[in-house]
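Some notes on the structure that comes next.
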Amino acid sequence: QVQLVESGGGLVQPGGSLRLSCAASGSIFSISLYDMGWYRQAPGKQRELAATITSGGSTMYADSVKGRFTISRDNAKKTVYLQMNSLKPEDTAVYYCNFYRRMTLPPDRDFWGQGTQVTVSS
């Protein structure tokens with residue numbers, strides 16, 4: 001059994017910052033081979049990608065967060081982070097972390113966190 005536990009969400013004023021963390025526990029091995037990502041889902045909208053970081057450390061960001069969000073990882077702690085700066089009301093959403101590893105033999109390993117609420121409001 002694998003668990004991804006997110007933390008760091010909350011209420012913040014526009015222009016503020018938050019740092020999300022997502023730590024894996026349980027039967028998850030070779031963590032360095034996993035790609036990791038943060039996705040978000042606003043009310044009434046589909047889940048969308050916010051940022052990803054590959055097993056090799058390459059990062060990718062949605063245009064809407066580029067220059068404001070930074071994704072990073074600590075393989076020793078089995079944790080992925082999302083530093084969010086200059087937050088805007090439109091960043092309000094439930095944020096989900098994802099750990100993914102393509103396997104030679106299926107099934108691929110695909111784990112999701114339970115989500116953490118981020119609300120940007122004055």
Side-chain angles (χ1 to χ4, degrees):
Q1 193 80 349
V2 173
Q3 280 191 318
L4 301 186
V5 178
E6 295 138 338
S7 60
L11 173 65
V12 64
Q13 291 187 341
S17 298
L18 283 175
R19 189 192 193 207
L20 304 183
S21 299
C22 173
S25 63
S27 301
I28 184 168
F29 308 104
S30 302
I31 197 70
S32 63
L33 298 181
Y34 281 77
D35 296 335
M36 302 176 184
W38 286 95
Y39 294 74
R40 64 186 186 179
Q41 187 166 18
K45 294 188 176 181
Q46 290 189 328
R47 189 175 299 189
E48 64 176 10
L49 181 147
T52 61
I53 184 166
T54 68
S55 58
S58 298
T59 58
M60 184 179 69
Y61 298 91
D63 287 343
S64 57
V65 309
K66 206 171 291 184
R68 300 186 298 121
F69 290 11
T70 302
I71 189 170
S72 61
R73 62 191 287 165
D74 186 333
N75 291 335
K77 294 182 178 180
K78 299 183 181 180
T79 299
V80 63
Y81 305 96
L82 187 67
Q83 178 66 44
M84 305 186 294
N85 299 329
S86 303
L87 282 161
K88 305 174 181 179
E90 50 264 44
D91 295 318
T92 296
V94 178
Y95 284 71
Y96 299 89
C97 63
N98 173 250
F99 284 26
Y100 175 80
R101 178 186 173 188
R102 183 177 295 278
M103 304 298 289
T104 304
L105 296 175
D108 294 340
R109 304 288 190 263
D110 191 14
F111 305 113
W112 289 88
Q114 80 287 354
T116 186
Q117 177 69 47
V118 171
T119 302
V120 185
S121 175
S122 55

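There is a path of hydrophobic side-chain contacts, each under 4.5 Å, that joins L49 to W112. Note on L82: it clusters hydrophobically with I53, by side-chain heavy-atom contacts below 4.5 Å among ILVMFWY residues. There is no path of hydrophobic side-chain contacts, each under 4.5 Å, that joins Y39 to Y34.
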Practice task
Kindly indicate, with the supporting measurements, whether the criterion side-chain hydrogen bond (donor to acceptor under 3.5 Å, both in side chains) is fulfilled by R109 and S30.
Solution key: CA-CA 11 Å; R109 304 288 190 263; S30 302; over 6 Å; no
Handout entry: Worked check of side chain to side chain contact (heavy atoms under 4.5 Å, CB included) between S121 and L11
Key = CA-CA 7 Å; S121 175; L11 173 65; 4.2 Å; yes
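For the salt bridge (charged side-chain N to carboxylate O under 4.0 Å, His left out) with R40, the qualifying choice from E48, E6, E90 is E48, the only one to do so. When each of D108, T52, D35 is tested with Y100 by the rule side-chain hydrogen bond (donor to acceptor under 3.5 Å, both in side chains), just one qualifies, namely D108.
Here the closest non-hydrogen pair linking C22 and L4 is SG-CB, 3.8 Å. Closest non-hydrogen pair, T92 versus A42, comes out as O-CB, 3.7 Å. Between S55 and S32 the shortest heavy-atom distance is CB-O, 3.0 Å. A pairwise comparison of heavy atoms in I28 and F99 identifies CD1-CD2, 3.8 Å as the closest pair. Between S122 and P14, the closest heavy-atom pair is N-CD, 3.7 Å.
Interatomic distance, W38 CH2 to N98 CG, rounded to the nearest 0.5 Å: 10.5 Å. Between T116 atom OG1 and L18 atom CG the span is 9.0 Å, to the nearest 0.5 Å. Within the model, atoms CE of M84 and CZ of R19 stand 11.5 Å from one another, a figure rounded to the nearest 0.5 Å. Taken from CZ in F111 to CE in M36, the straight-line distance is 11.5 Å, to the nearest 0.5 Å. A distance of 6.5 Å separates CG of L87 from CZ of R68, quoted to the nearest 0.5 Å. Summarising the geometry, atom CD1 belonging to I71 is positioned 6.5 Å from atom OH belonging to Y61; distances are rounded to the nearest 0.5 Å.
Crowding of R47 atom CZ: a count of heavy atoms from other residues, nucleotides or ligands under 6.0 Å exceeding 12. Other residues, nucleotides and ligands contribute more than 12 heavy atoms inside 6.0 Å of the CD atom of Q117.
No side-chain heavy atom of V2 sits under 4.5 Å from any side-chain heavy atom of K78. Counting only heavy atoms from C-beta outward, the side chains of S17 and Q83 approach each other to under 4.5 Å. The shortest distance between side-chain heavy atoms of D74 and Y81 falls below 4.5 Å.
Taking 4.0 Å as the cut-off between side-chain N and carboxylate O, K66 and D63 count as a salt-bridged pair.
In this pair, F69 and Y95 present their aromatic rings tilted. The plane angle is within the 30 to 60° band.
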